[in-house]
Protein chains: 2
Amino acid sequence: MTLTRTFAVLADDTRWRILQLVGEQDLSASALAKRLPVSRQAIAKHLSVLQETGLVEPAWVGRELRYRAAGAELSRLAGELEQIARTWDRRLAAIKAVAESL
Amino acid sequence: MTLTRTFAVLADDTRWRILQLVGEQDLSASALAKRLPVSRQAIAKHLSVLQETGLVEPAWVGRELRYRAAGAELSRLAGELEQIARTWDRRLAAIKAVAESL
DNA sequence: GCGACGTGCAATCGTCGAGTTGCACAAGCC
DNA sequence: GGCTTGTGCAACTCGACGATTGCACGTCGC
């Protein structure tokens with residue numbers, strides 16, 4: 001899963017509302033459809049891409065397919081971003097240091 | 001700037017290539033256009049949204065408008081993600097603890 | 001002054017993706 | 001058995017957005 005693809009997956013309000021609900025308790029696509037203003041099929045698609053990205057994990061309970069939020073992928077992403085941010089700031093600090101030495 | 005909006009801004013390969021270049025040295029839209037396979041106007045638009053998001057900062061040098069990468073916003077985002085990830089994992093840990101106590 | 005370079009705005013095109021509707025099928029409950 | 005509920009697949013619509021092209025304006029250097 002590429003970096004930009006993961007961002008694209010996270011760049012959707014409906015998906016975040018799903019993640020929030022699924023972060024509180026395990027829920028099926030139908031259960032989510034009752035709490036959100038979109039169709040069950042739309043939610044099923046969202047859950048599919050969320051699962052492909054590793055942000056959500058499925059679990060069968062009877063004939064229900066419930067999902068739960070998984071933090072690992074999000075945590076990994078946070079680490080990458082923090083590292084990139086530090087790289088940029090290092091360069092700016094170096095520039096600033098040179099400027100002050102003049 | 002909302003969370004999803006920031007993700008949408010980061011969910012583009014061209015913008016990341018711009019960020020990478022601008023993270024190494026200050027560059028203008030025209031200079032970036034010479035290094036990337038897209039038109040100057042396309043890059044100017046990208047720089048505009050990157051600036052609105054706080055991921056890039058402009059600086060006039062003569063008649064050139066150069067940009068540089070800024071890590072603050074990215075670092076802030078990383079912090080938010082890490083916190084959300086921890087919240088999810090806490091719930092899973094609690095569920096696991098209950099399951100093992102049975 | 002004049003040409004080259006850098007920037008900005010507007011209109012247009014093509015594509016991708018979120019959402020819907022419709023249908024089919026399996027599993028549980030009266 | 002019949003009804004409800006949950007899932008899955010396919011076709012379609014529609015809006016957002018990345019990218020291009022064209023034009024106009026300011027600025028620097030010969």
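Proteins come first, then strands; the chains are lettered A, B, ... in the order of their sequence lines, and each starts at number 1.
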Find out whether A/Leu21 and A/Leu36 are in side-chain contact, i.e. whether some heavy atom of one side chain is under 4.5 Å from a heavy atom of the other. yes
So A/Leu65 and A/Ser28, do their side chains get closer than 4.5 Å, heavy atoms only? no
Using 30° and 60° as the class limits, which term best fits the ring planes of A/Phe7 and B/Trp16: parallel, tilted or perpendicular? parallel
Heavy-atom distance under 4.5 Å between the side chains of A/Leu27 and A/Arg66, does that happen here? no
Nucleic acid contacts - residues 16-35 of chain B versus DNA chain D, non-hydrogen atoms under 4.0 Å: none
Whole-Å distance between D/dA19 P and B/Ile43 CD1? 9 Å
Are A/Arg91 and B/Asp26 ion-paired here, with the side-chain N under 4.0 Å from a carboxylate O? yes
Report, as a single string ordered 5' to 3', how protein heavy atoms within less than 4.0 Å touch nucleotides 16-30 of chain C: B base, S sugar-phosphate only, - not at all. --SBBBB----B---
Spacing of B/Trp60 atom CH2 relative to C/dT7 atom C1', expressed in whole Å: 6 Å
Atom CG of B/Leu47 and atom P of D/dA19 are separated, to the nearest Å, by 12 Å
Any residue meeting side-chain hydrogen bond (donor to acceptor under 3.5 Å, both in side chains) with A/Arg5, in chain and number order, not counting sequence neighbours: none
Mind checking whether A/Asp12 and B/Thr4 have side chains closer than 4.5 Å, heavy atoms only? no
With heavy-atom distances below 4.5 Å as the criterion, would you say the side chains of A/Leu10 and A/Leu77 are in contact? yes
